[in-house]
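Below is one structure; the comments refer to it alone.
One-based numbering, in listed order, for ligands and for the atoms of each. As the structure is a prediction and not an experimental result, all values here were calculated from the model.
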Amino acid sequence: MDIDPVRLESSLWVGKKRYRAALTGWHLNWTELDKKNRDKKTVSVPVSEVIGVEEGRVQVLPQMSVAEDTDREFTVFYVKRSSSGSPYGLLWRLGRTQFCCPSRDLRDQWMTQLRIALKTHSPSRPHRLLVFINPFGGKKQGRQIYHSLVAPLFELAGISSHVVVTERANQARDHILKKDLTGFDGVVCVGGDGIFSELLHGVIGRTQQEAGLSEHDPSITLQSCDLHIGIIPAGSTDCVCFATVGVNDPVTSALHIIIGDSQPLDVCSVHHCSSLVRYSVSLVGYGFYGDVLAESERHRWMGPLRYDYSGAMVYLSNRSYAGVIQYLPADSQLSSPRDNTRCLSGCSVCSKGTERLFPHSPGARSLYSSHFSQFSSDTEGEWVSVEGRFRAVSLTCMSSSCPRSPLGLSPSAHLADGTGDLIIVRDTHPLGFLTFLHRHTSTQDQFDLPFVDVHRVKAVRFSLPTGEEEDRDEERERVNDGGMTEEGKRPSRSGSHKHLVERGEERGQKDFLCGLCCSKAPTVSVWNCDGEILPHTEISCKVHGQLVRLYARGIENGSATPTRKCQDGHRNCKGRCVLNN
Ligand SMILES: CCCCCCCCCCCCC/C=C/[C@@H](O)[C@H](COP(=O)(O)O)NC(=O)CCCCC
Ligand SMILES: Nc1ncnc2c1ncn2[C@@H]1O[C@H](COP(=O)(O)OP(=O)(O)O)[C@@H](O)[C@H]1O
Ligand SMILES: [Ca+2]
């Protein structure tokens with residue numbers, strides 16, 4: 001049993017009020033005392049959420065400065081939860097309390113003990129970070145967001161950072177793959193899902209290189225990555241941040257990074273023939289989502305609004321595509337995409353996933369993962385095949401919630417359970433499809449429609465129906481031209497973009513406004529892989545459980561995240577009634 005002794009207790013002043021302050025191993029508490037020494041209200045801060053301790057009365061913004069140092073005062077900075085701002089996740093803010101001690105000696109004791117407690121109880125905090133800013137992401141405010149909101153917090157927490165403002169697409173990915181990363185505890189991006197994806201590819205690629213594993217072999221169990229990834233949201237969709245933190249807020253994310261939170265994340269690898277094409281964490285989508293992305297690339301100047309405009313255009317173009325989907329179902333005893341649960345911080349489904357994946361001590365984790373993970377059984381089971389015409393085919397490893405769809409593409413998906421959710425929207429009339437899309441914006445169940453199916457899966461394959469297979473020469477040409485860089489066949493984002501937009505035009509996707517009046521609709525769509533167009537139509541996907549780690553902790557339970565009504569009509573039961581039955 002852990003013993004949590006009181007290390008220091010004394011009477012301190014905050015402003016004109018007297019407090020009894022106590023530092024235990026795990027918590028810093030201060031209780032207001034009335035004139036008769038009776039307890040009034042107590043503030044309790046876990047040591048793991050203390051950001052920093054400074055001598056004197058200190059302020060941080062606009063820059064760190066000592067307002068006054070009477071040699072008996074010290075200031076404690078900590079995480080303070082604020083309920084305002086978002087109904088979906090808790091905003092974190094920097095709390096600050098200035099204490100005054102009866103003597104300088106006591107002040108020094110408090111400072112020393114607090115700093116020792118921080119070191120002892122927060123061993124996973126980063127000391128040195130490599131930060132990539134995409135100056136063109138979202139509303140182009142990445143630089144300003146980092147320097148005004150994030151850098152002062154890192155400085156306060158004693159984190160040193162090396163900042164790279166990117167000058168081209170893929171610079172962050174290449175940097176992580178090739179440069180010396182000695183001394184860095186983690187990598188951070190300031191931007192959207194695209195720059196995050198660069199970090200994801202860099203970190204996974206580098207880890208496999210160092211482990212001597214080939215990323216191209218779909219049958220291999222990849223090595224999970226130790227280098228953590230942090231996301232400061234400054235992009236257009238910011239889905240990965242929203243789905244792992246619950247809000248898109250730079251200060252909240254910076255505080256999660258500082259305290260060294262750690263959230264494992266499932267990753268889907270996408271292959272074509274025997275080559276890796278890309279990794280994805282949020283969306284691998286064909287049909288509607290692919291078409292929206294292809295169309296939106298033409299309207300980048302609109303910023304984040306490009307997706308709304310393109311979404312409307314693609315909807316009006318009323319398209320469906322023929323295809324053959326094969327999937328390998330996950331164990332339906334463990335969870336289901338329709339069990340009405342939410343993956344929240346400390347999720348028990350994901351914890352069971354961790355036990356299955358890494359049943360031994362943390363030290364044995366990497367050895368175990370490469371030999372015995374559940375994914376040694378990822379090819380076990382019966383493949384199921386579905387052929388038809390589809391409005392949309394989507395695979396997501398997480399809920400993919402974002403401001404546009406606060407509960408996400410699959411509200412009950414889990415961040416780290418080793419599975420993905422496959423959502424199949426068969427061809428239907430325009431009003432039916434509009435109902436499906438519209439339900440993403442409310443708490444109505446988008447899966448409760450006769451033309452929609454959802455399956456929890458370990459792997460998925462997509463091919464064109466016999467007679468409509470992709471032209472092999474065209475495939476080869478695209479791979480050589482746009483999809484990969486020369487070194488080690490790693491996927492290239494920008495190259496593939498332009499090429500695929502052009503290729504899309506050849507395929508009849510000239511302009512959706514034109515598509516509305518043209519009678520000849522294209523026979524194939526493109527794949528949207530976390531906001532990038534893939535250079536292939538026929539792909540196979542495999543989910544790798546907990547392959548990477550983010551500086552996050554999942555969505556905290558305190559937030560009033562609205563859930564769907566369960567089968568018994570309860571709201572916010574979070575599936576408990578279903579699970580209890
Ligand atoms: C009538 C109302 C229709 C509303 C439909 C809402 C459906 C929203 C689902 C959003 C899923 C988001 C999955 C995440 C994808 C991102 O990785 C990707 C790139 O983001 P970024 O790098 O920040 O640009 N974003 C998209 O592909 C946008 C999809 C938008 C679809 C409308
Ligand atoms: N300096 C740069 N110039 C051009 N493109 C860049 C640069 N840095 C990153 N990118 C690319 O920009 C794309 C979009 O970035 P992202 O940060 O996701 O913004 P958004 O969310 O607005 O799409 C990504 O594909 C990323 O690789
Ligand atoms: Ca998952």
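Of all atoms in ligand 2, numbered sequentially from 1 with element shown, those under 4.0 Å from a heavy atom of G235 are 21 (O). Near E532, meaning under 4.0 Å from one of its heavy atoms, ligand 2 places the atoms 25 (O). Atoms of ligand 1 found under 4.0 Å from any heavy atom of S282, numbered from 1 in the order shown, are 14 (C), 17 (O). When each atom of ligand 1 is checked for a heavy atom of Y307 under 4.0 Å away, the hits are 19 (C), 20 (O), 21 (P), 24 (O), 25 (N), 26 (C), 28 (C). Under a 4.0 Å criterion applied to the non-hydrogen atoms of G191, ligand 2 contributes the atoms 17 (O). Residue D530 approaches ligand 1 through these ligand atoms, each under 4.0 Å from one of its heavy atoms: 17 (O), 19 (C). For ligand 2, the atoms lying closer than 4.0 Å to a non-hydrogen atom of D193 are 18 (O). Using a 4.0 Å cut-off to heavy atoms of D238, the atoms of ligand 1 that qualify are 23 (O). Against a heavy-atom cut-off of under 4.0 Å, R306 is close to the following atoms of ligand 1: 24 (O). If you number the atoms of ligand 2 from 1 as listed, the ones under 4.0 Å from a heavy atom of G138 come out as 19 (O), 20 (P), 22 (O). Set against the non-hydrogen atoms of G531, the atoms of ligand 1 under 4.0 Å away are 17 (O), 18 (C), 19 (C).
Among the atoms of D421, no N, O or S atom falls under 3.0 Å of the Ca ion (ligand 3). Among the backbone and side-chain atoms of C397, an N/O/S atom is found under 3.0 Å from the Ca ion (ligand 3).
The number of heavy atoms from other shown groups lying within 6.0 Å of CZ (R404) is above 12. Within 6.0 Å of NE2 in H147 there are more than 12 heavy atoms belonging to other residues, nucleotides or ligands.
For Y315, no heavy-atom contact with ligand 1 is shorter than 4.0 Å. Within the 4.0 Å heavy-atom criterion, the part of E198 lying near ligand 2 is the side chain and not the backbone.
Side-chain contact check for S320 and R389: at least one donor-acceptor pair (N or O, by modelled atom type) lies under 3.5 Å. A donor-acceptor contact under 3.5 angstrom links the side chains of R456 and S335, judged on distance only. Between the side chains of Y327 and H455, at least one donor-acceptor pair of N or O atoms lies under 3.5 Å. Side chains of Q546 and T354: a donor on one and an acceptor on the other come within 3.5 Å.
When I231, D530, T166 are ranked by how near their heavy atoms come to atom 8 (N) of ligand 2, first place goes to T166. Selection from I533, I195, N528, L293 by nearest heavy atom to atom 27 (O) of ligand 1 gives N528. In the candidate list G285, C239, S236, P403, C239 is nearest to atom 14 (C) of ligand 1, counting heavy atoms. When V190, N134, V165 are checked for heavy-atom proximity to atom 16 (P) of ligand 2, N134 turns out nearest. Nearest-residue assignment for atom 13 (C) of ligand 2 (options K139, R306, R300; heavy-atom criterion): R300.
Here F184 contributes atom CZ and L227 contributes atom CG; the two are 9.5 Å apart, rounded to the nearest 0.5 Å. Atoms CZ and CZ, from R426 and F451 in turn, are 9.0 Å apart once rounded to the nearest 0.5 Å. Between atom SG of residue C241 and atom CG of residue D193 there is a gap of 9.0 Å, rounded to the nearest 0.5 Å.
The side-chain heavy atoms of V240 and I231, taken from C-beta on, include a pair separated by under 4.5 Å.
Annotation: cation-pi pair R338/F447 absent, no NZ/CZ under 6.0 Å from the ring centroid and within 45° of its normal.
For D266, the N/O/S atom at the shortest distance from the Ca ion (ligand 3) is named OD2. Residue D417 approaches the Ca ion (ligand 3) most closely through its N/O/S atom OD1.
At least one donor-acceptor pair closer than 3.5 Å links the side chain of D530 to the backbone N or O of V281.
Every N/O-N/O distance between S400 and ligand 1 stays at or above 3.5 Å. Between S405 and ligand 1, no N or O atom pair is found at a separation short of 3.5 Å. The N/O atoms of Y307, backbone and side chain alike, include none that comes under 3.5 Å of an N/O atom in ligand 2. The shortest N or O to N or O distance between G194 and ligand 2 is below 3.5 Å. Below 3.5 Å of separation, one finds no N or O of G235 facing any N or O of ligand 1. Considering backbone and side-chain atoms together, T237 places no N or O closer than 3.5 Å to any N or O of ligand 2. By the 3.5 Å distance cut-off applied to N or O atoms, F136 is not counted among the residues near ligand 2.
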Could you walk me through whether H201 and N170 pass side chain to side chain contact (heavy atoms under 4.5 Å, CB included), step by step? CA-CA 10 Å; H201 284 79; N170 291 323; over 6 Å; no
Give the C-alpha distance, both sets of side-chain angles, the deciding distance and a yes or no for side chain to side chain donor-acceptor pair (under 3.5 Å) between R553 and S345. CA-CA 6 Å; R553 62 168 62 170; S345 192; 5.0 Å; no
Test salt bridge (charged side-chain N to carboxylate O under 4.0 Å, His left out) on D331 and K458 and set out the steps. CA-CA 9 Å; D331 186 347; K458 296 190 281 188; over 6 Å; no
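For Y286 and F462, the gap between ring centers is short of 6.0 Å.
Here T419 contributes O and H414 contributes O, and at the Ca ion (ligand 3) these two atoms make an angle of 150°, given to 10°.
No option in F433, Y321, F390 other than F433 meets the ring-ring contact (aromatic ring centres under 6.0 Å, His included) test with F288.
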